[in-house]
Every structure is written in C-alpha cells, then in structure tokens.
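No hydrogens, no waters, no symmetry mates; every other heavy atom, side chains included, goes into these values.
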Protein chains: 2
Amino acid sequence: MFNENIPYKIYLSEDEMPKQWYNVRADMKKKPAPLLNPATGRPVTADELGAVFCGELVKQELDETTPYIDIPGEILDFYKMYRPSPLVRAYCLEKALDTPAKIYYKFEGNNTSGSHKLNSAIAQAYYAKKQGLKGVTTETGAGQWGTALSMACSYFDLDCRVYMVKVSYEQKPFRREVMRTYGASVTPSPSMTTEVGKKILAEFPDTNGSLGCAISEAVEAATSSEGYRYVLGSVLSQVLLHQTVIGLETKIAMDKYGIKPDTIIGCAGGGSNLGGLIAPFMGEKLRGEADYRIIAVEPASCPSLTRGVYAYDFCDTGKVCPLQKMYTLGSGFMPSANHAGGLRYHGMSSILSELYDQGLMEAVSVEQTAVFEAAQKFARVEGILPAPESSHAIKAAVDEALKCRETGEEKTILFGLTGTGYFDMYAYAAYNDGKMSDYIPTDEELQKSIADLPKIG
Amino acid sequence: MFNENIPYKIYLSEDEMPKQWYNVRADMKKKPAPLLNPATGRPVTADELGAVFCGELVKQELDETTPYIDIPGEILDFYKMYRPSPLVRAYCLEKALDTPAKIYYKFEGNNTSGSHKLNSAIAQAYYAKKQGLKGVTTETGAGQWGTALSMACSYFDLDCRVYMVKVSYEQKPFRREVMRTYGASVTPSPSMTTEVGKKILAEFPDTNGSLGCAISEAVEAATSSEGYRYVLGSVLSQVLLHQTVIGLETKIAMDKYGIKPDTIIGCAGGGSNLGGLIAPFMGEKLRGEADYRIIAVEPASCPSLTRGVYAYDFCDTGKVCPLQKMYTLGSGFMPSANHAGGLRYHGMSSILSELYDQGLMEAVSVEQTAVFEAAQKFARVEGILPAPESSHAIKAAVDEALKCRETGEEKTILFGLTGTGYFDMYAYAAYNDGKMSDYIPTDEELQKSIADLPKIG
C-alpha cells in the first residue's frame, strides 16, 4: 500500500532540525495592528508589558522586523527530547476515502503534554529562568497548556502556579494530576488566593469559574509576587513565533522529498498551531515565491473568523490584558456548554487576523458531531486517537479530499494534527453513546456579545 | 549536554527495520516444557489448540526450532504506522542521578494503545483475518491489551469482543471508551452473555469480576461462536515472538552506533515485553557470542520469579487453558487490591521461566511507592509520563545507575519503557496525595496459594 519512495512517516535527523524560529511579521507589508494600553488607548510599551511578561518575550512580542530568531541551545536540547515530530503520509486515510488526493499530517501529539503547546511552554520557561525569575503563573481550561507549562518548568526547576477553571479542576482530575506529578501547584479558580478571586467568590459563591476569571487571577498572582511573571499559551505573537518550529520542520521534510502542498489546513482557537504550521509557507506566499491555499478551521459554536468582526478587543474576559486588534466575537462571548473540545477562544491571533483580513487565508467552520465522526474514522484507519481540537482540521481535510474524489484532482493536502485525545474521553463517550449535539450561536447572540467591544480604533 | 555522536533519540529508517521475528527457543538447548492438556496430562496437540486459537498462531506457539520467522508484509505496513520506536539516551536522567552510567531506554508508548501490546495484537488480528475469521474475543483488566486489540481489529475490519473486568469497566471508563471508539464491543465481566458468567452471577450477584473469570468468558465466547477464536496479550510464546520486534530494533540501533549494553532491564508481568526486549541479546548469550546481565523486575506484591515455584500450573484462574510449566504463585493468587499498576499475573512466560531457571537471567522485586517515586523523577527529567508497569524497570535502572555512581563504573544500562501512564492517573493521584502504600504477601499467603497447584509433572 505504501509508496516506497516516501516513508510512511518522515522524521528529520537531529541535524536537519530548524535552529531558528521564523517571524512571519517581517515579511508582512502591512503589519498586525499594535497592542494598545487599555488605560491610555496608546500602543503598549516594552516597559508596560515587562511588568507582566518576561523581558525577552516582550522583545519577541514587539519585534516585527527580524525574520529569523535563533533558538537558544537549551531549548534545542529540550526539543530533541520530543522532536522532530513526524510528518505522516495518511496512506490509510486516503485508501479509506478512495481519494486521489495525497494527504499529509504533521503530528504534534507524541509528548506527555499531548499537544504542540510544549513548543512554546519550554521557550517561555527558558526565558523566565534566564531572567532569574522564581516562577511563572498561568491559567488553564481543560489543562493542555497547563500540562505543557508544568513539564517545561519542571525541566528548568521553576515554580509553576496554574489557575485551573474550577469546573475542569473538579470534573477532569487527570490532567490536574499530570500537572501535580510535574510539580506544579494547581489552584481551582476562582480562589481565595487573589483579590479578584475573593471578590468573585463573594459575589458568586457557587460559580464554576471561567477562563477569563482564571486569567485575571494568574495575572494578579504574577504581578503581586516578587520574581514571577505571567505566561500565555496562545494568541500572542511570541507564541506563534515559537510554534513556527512545526511549520519549519514540515517544510524541510517536504522539500527533502520534493513534496509541495496545494492546501494547508489547521484548526484555529487562539491561532498558535495554525500560525506555526503555515508560517514558512505564508512567508513564501508573502514574498511571491509560491502560492498555497491556507484554511483555518474553527468550531461553528465559536466562529471568530467566519462570523466575528475585525476590531480592537480585550484578550481576556477580566479585561486586564492589553487590547488587541483581531477577529473577535466580543470578550464576553461564551461558547455553548455542550461544546466538548477546546478552540473556545472569543478572539484570534493578531497575525492571523491580519493575514485573513488581507485575503491570504480562508476560514471555514465545522460542527461538533461531524468533527467527532471524522475523528473516529481517522482513529480507526490511521491508528492515532486525535484531540477534539485537532479533529476540526481532520474534518476539513477529509472534506477537501472528498472533493478531489469528485473532481479527480490529485491535490496534496497538508494538515496539522495538534494532539491526542486521551484526556477527552468524556467527549468521545458522548459521541459513542449518540449523545453529542451541535450548537450554532444565533445572529442575535453574536450581535449582543460583539456590541460590547471597547470603543477604540 | 548531549553527545553529538549519539542522537538523543535513535530512530531506524524504515528500511532498517527488522523483517523477521526471532524465536529464541531455537537457540535454547533445553527448551521450555511443553503445554499440557489438563484433561489428559499429555502435551497439547495443534488440533486441540486450534479449537481456541488461530491456526498460524498455534504453529508459532509450538515451533521450537525455526530461529527466524518472516513478518508478513501487511504487519510490516502496520508497524510502519507507529514503529520504529525510539531508542532514547537518557541524558537528563543520567545528569539528575549524577552517574557515570550510560542509560538507554526503548520507548514503546508512542501509539494510541499506549504500550508495546500493539506489536502482538496486530499480528494476532492479521492471522485471524487471514484464516477468514469473523472476529476474536479476549479479556482485559485495566484495558491496555483490549485497546491494542481493538485498534488491530479495526484495521483489519474484524469484530472484537472484549470482556473487561467489571470493576475496571465501571471505575476506569476511559480505556473502555477508547476501545468503543475503535469499534470493539466491551462487556463487563461476569456477564449474562456466557454460561460461565451466568453461573458466577447466580452464585455471587455482587461480584466485581476478576481476570480469571473474564478469560473464561472470552474463551467460551470464542469456542461457542462460529468464526471466532480467542487471543491473549502475554505469557504465550507466540506473543513473546511478536514482541521480539522491540529487541531486534534495539539491537540494530545499538549496533549502528557501536553501543553494547552491560545490563538489560525490563518489567515482567506475563513476560511479553521483557521477552521481546531481551530476545536477540539472549540469543547471543545462548550461542556464546556475547554476555549480558539481564534483570527481570516484578512488583513485590506479585513476586512470581523471586518467590514462586517452578512447576506446572493453570494459566488462568478459570482453569480452562492448557497447563504451563512456569514460575508461579498459584492460579488462585490475587495481588493486593492496593496495587495500582499491572504486572498482576500469577505466573510467567514459560520461555522466561526456563531461562531464569537455567540462571541466564536474574530477577528483583520492587515496592510500589519506590516505583512511583522513580516514575515521578523520570517524568520530570525525561519528559515522558511512564506507565506504572514500565516504572518498575525505571526503578531498577535507577538503582543500577546509582550503584555505578558509588563504584565509578561507566556501565551501559538498557531498559524497556513499555508505555505511558495517561490512563493511570488515579494511581499517580494516590502517590501525589501521599496515600499510596506497599504490600508484600506473607510466606503463609504464598504457601497457601502455591499449595493449590495441579498435581502434575
């Protein structure tokens, strides 16, 4: 069944691995709009950001011109512990779909955090350590980012304080235990450990918590503790920069075997994996060297690109972070509780938002039940149990491959398989039991949450 | 930190992967004792075994003379989907232990079943399909083997019926859901679907089930259904044969870089991963070409090699399978309920039992709390969250490396890291909460269970 010329899985050797991250903003003629200080309405300065984030990461966040940034040796060493990730030719999926399309996926799930999140977690932990910090704080929902950060902090012997949305803390204890195994302290949010937490608990003693509240607590914990900074797992440009290791490895592997993708697909929540995967290909597109069709896939229940507006908005529900211009549903938007996977963020990376606005990439939204149907099909033929988030990209890739079956086109489709679903079996159980449902917000709901945008820009 | 000459992870290319399994019995002067028919007390025939097992697998089970057996192309194709597994140099663990020892581990956890079990599951499913069967039946405790088999059956479009020990079915629903996602039917055992299940439920309506009962149900389901056979995930010589892909890949990778292990360590429950890892090294030892120190590691709570007797015994608690000569604690032995990991089997592979009896390998037993301590240390420095079973090997490897620190010897230690602990977070939680305890059976308990051996041989 397999083509002898192209391995089932392409692994780079360690000396073929990228030594630099790629900053796609350097090749963008029109740059993403700057972050604004919500108090002044003016672009945030490095000093202002430095109170919350590590110095070197602030530098990366604000750097729009340096195309390549060296990956420090200590990070390269850590990358060797779980990278290169395989680029897999989906021979079995192609056969099952009876499609002339050639499908490839870059699989980021073969590490204990279970996803690509580790690529940026280790970088952020490294710079925190280098700055002489004692530790970092962050928030986590289901726990993928918190797990990655706890692993990275354990490696660099940094304290890691994770504020985990209370309902997840109680209902999904396993990721919490992975974080604890890596030495992180995990606090259900809201908590009595911060002023904002106390205030919320006084007002809503029975609250289940929210990501917005957990962010506010994590930021407060960082700024009120000597030697701590706050770190974030997606949305920010620094995170997309670190995640370009995904796309760079993919490009090197494809070039090695003379493979050129026609279509590149990735799921998009805050945008970090998609931004990382497409970066070097988008770079060629921006420089006019090549053309690719690039598709962001989002859940129909949280459709920031396909149904949001491009405007300045708060990055967090607690409104403590800088304002960012992005495709957004409004910081008060809450996806339906029946939505099982991640990708629940109300906004989108400013880089991806700008590229989308310039027409350099497309976006589609897919419904949950169809996503799990694709996930199950993929698991059965390719052997990997995908995360619900990643399965959004699978669904779109399958749709594209089926179109090729209709037209007979032998397109090459590349998609990002960001992680595994081992900690999402509640959602798979709902699907297996026929109890999964779909939800699409109404226009009225979106108009209401979008109406709450800050009056800026 | 890393030695530039030896990659952090050694991956074979697809054309370097082994094309044959190695049958270590061919190089054993004194062979393992034959399986006996419990009714006649005479060696079982191929026909007798063929009523329960697939024909080609019976042939492999009884073949003591063919040293190399071709791996069919379809199985090689499937192996390419998750193999070669990496041979990892544990640079970070060495540094953390401050040891002059060089530590390598062969990591079998990078597949959705989470362990080495898939190596044999795919082979057994292939031969079942080739024989024109409709499906296979099996039992599973915590679910690692059942998961592997459900993946393999899904790939070959075979029906897969898993009898899962009732208490695991109810308390550990996630592995159950993985199996269902792969299309297996999972029945809590004892059940009303078999005569033996009905009988047990009539007598003990509130029973939690046991592995012995689940085996009996699975065997009955196979022999009473047209087009079905029973399959097993460890203990049998055919399973050890398939698992030699682990050791063969390891040997090829080590030879490629001129690495020769002094000590080879693996955990041992039924013996399949240890048997697979050591096979080619043991072959050299048997042929007098090289010498290696080989150590089986078992839990102190289930010490078949270190405290059992070498005698004929039933392979299953239900006493429906052939008798096997092996190191055993008696088929009625039940490890303490506080034991969190696997490796709970009362007996041991007949091949490993014979090699141990001939003094060609050693055995040690380790206690549970120390195992989790080693697991946590390993996770924090090497980044992989190990399965409790695998962590027995980690504990022994750490002990050996610490001895090297004392003596200054630069020994090369190889151990098998059989899988990941993502579905064992209950156990990790107990450890994190300081609620894990150790249990060592008393001499009286062992004497009692061993007294129940069949009177044969």
Side-chain angles (χ1 to χ4, degrees), chain A residues 1-2 4 7-9 11 13-15 73-74 76-78 80-84 86 88 91-92 109-114 118 147 151-152 154-155 157 173-178 180-183 372 375-376 379-385 420-429 431-433, chain B residues 1-2 4 7-9 11 13-15 73-74 77-78 80-84 86 88 91-92 109-114 118 147 151-152 154-155 157 173-178 180-183 372 375-376 379-386 420-429 431-433:
Chain A
M1 170 164 60
F2 301 150
E4 294 301 316
Y8 179 76
K9 287 174 302 192
Y11 275 110
S13 66
E14 287 177 7
D15 55 10
E74 290 89 334
L76 286 175
D77 275 354
F78 189 88
K80 286 181 192 169
M81 295 176 68
Y82 69 101
R83 307 198 68 82
V88 186
Y91 287 111
C92 300
N110 270 350
N111 70 73
T112 291
S113 83
L118 196 52
T147 306
M151 290 176 67
S154 161
Y155 185 77
D157 198 20
F174 293 154
R175 276 211 183 269
R176 178 187 81 205
E177 290 306 326
V178 179
R180 289 181 71 207
T181 298
Y182 280 93
F372 274 81
Q376 189 197 66
R380 291 188 181 184
V381 297
E382 288 290 320
I384 293 170
L385 187 80
T420 49
Y422 306 137
F423 292 94
D424 299 288
M425 295 318 295
Y426 278 114
Y428 274 96
Y431 178 75
N432 291 336
D433 291 335
Chain B
M1 170 166 56
F2 302 150
E4 293 302 316
Y8 179 77
K9 287 174 304 193
Y11 276 111
S13 67
E14 286 176 9
D15 54 10
E74 290 90 333
D77 275 354
F78 189 88
K80 285 181 192 168
M81 294 174 69
Y82 69 101
R83 308 197 66 81
V88 186
Y91 287 110
C92 299
N110 269 351
N111 69 74
T112 291
S113 83
L118 196 53
T147 306
M151 291 176 66
S154 161
Y155 185 77
D157 198 21
F174 293 153
R175 277 212 183 269
R176 178 186 81 206
E177 291 305 327
V178 180
R180 289 180 71 206
T181 298
Y182 280 94
F372 275 81
Q376 189 197 65
R380 291 187 181 185
V381 297
E382 288 290 319
I384 293 170
L385 187 79
T420 49
Y422 305 137
F423 291 95
D424 300 289
M425 296 316 296
Y426 278 113
Y428 274 97
Y431 179 75
N432 291 337
D433 290 336

* Structure fact -> When rounded to the nearest 0.5 Å, the distance separating OH of B/Tyr82 from CD of A/Glu382 is 14.5 Å

* Asked: With a 4.5 Å heavy-atom cut-off, do A/Cys92 and B/Tyr155 have their side chains touching?
  -> yes

* Which region of A/Asn111, side chain (C-beta onward) or backbone (N, CA, C, O), has a non-hydrogen atom less than 4.5 Å from a non-hydrogen atom of chain B, or is it both or neither? -> backbone

* Mark yes or no for whether A/Tyr182, through its side chain, and B/Ala379, through its backbone, hold a donor-acceptor pair below 3.5 Å. => yes

* To do: Evaluate the criterion side-chain contact (heavy atoms from CB on, under 4.5 Å) for residue pair A/Tyr422 and B/Thr112; output intermediate values, then yes/no.
  => CA-CA 8 Å; A/Tyr422 306 137; B/Thr112 291; 3.8 Å; yes

* To do: Answer with side chain, backbone, both or neither: which region of A/Tyr426 has an atom nearer than 4.5 Å to a non-hydrogen atom of chain B?
  => both

* Does B/Thr181 use its side chain to pair, donor to acceptor, with the backbone of A/Gln376 at less than 3.5 Å? -> no

* Asked: So which of B/Gly383, B/Pro86, B/Gly183 has the biggest tally of heavy-atom pairs under 4.5 Å with chain A?
  -> B/Gly383

* To do: For the residue pair B/Phe423 and A/Met425, establish whether any side-chain heavy-atom pair is separated by less than 4.5 Å.
  => yes

* Determine whether the aromatic ring centres of A/Phe174 and B/Phe174 lie less than 6.0 Å apart. => yes

* To do: Can you tell which part of A/Asp15 gets under 4.5 Å to a heavy atom of chain B, answering side chain, backbone, both or neither?
  => neither

* Output yes when a side-chain donor or acceptor of B/Glu14 lies under 3.5 Å from a complementary backbone atom of A/Lys9, and no otherwise. => yes

* Asked: Are B/Asp433 and A/Arg180 close enough that some pair of their side-chain heavy atoms sits under 4.5 Å apart?
  -> yes

* Which value, rounded to the nearest 0.5 Å, describes the distance between A/Glu177 atom CD and B/Asp424 atom CG? -> 12.5 Å

* Picking from B/Leu118, B/Val178, B/Val88, which has the most non-hydrogen pairs under 4.5 angstrom with chain A? -> B/Val178

* If you tally heavy-atom pairs under 4.5 Å against chain A, which of B/Glu74, B/Arg175, B/Arg176, B/Arg83 wins? -> B/Arg83

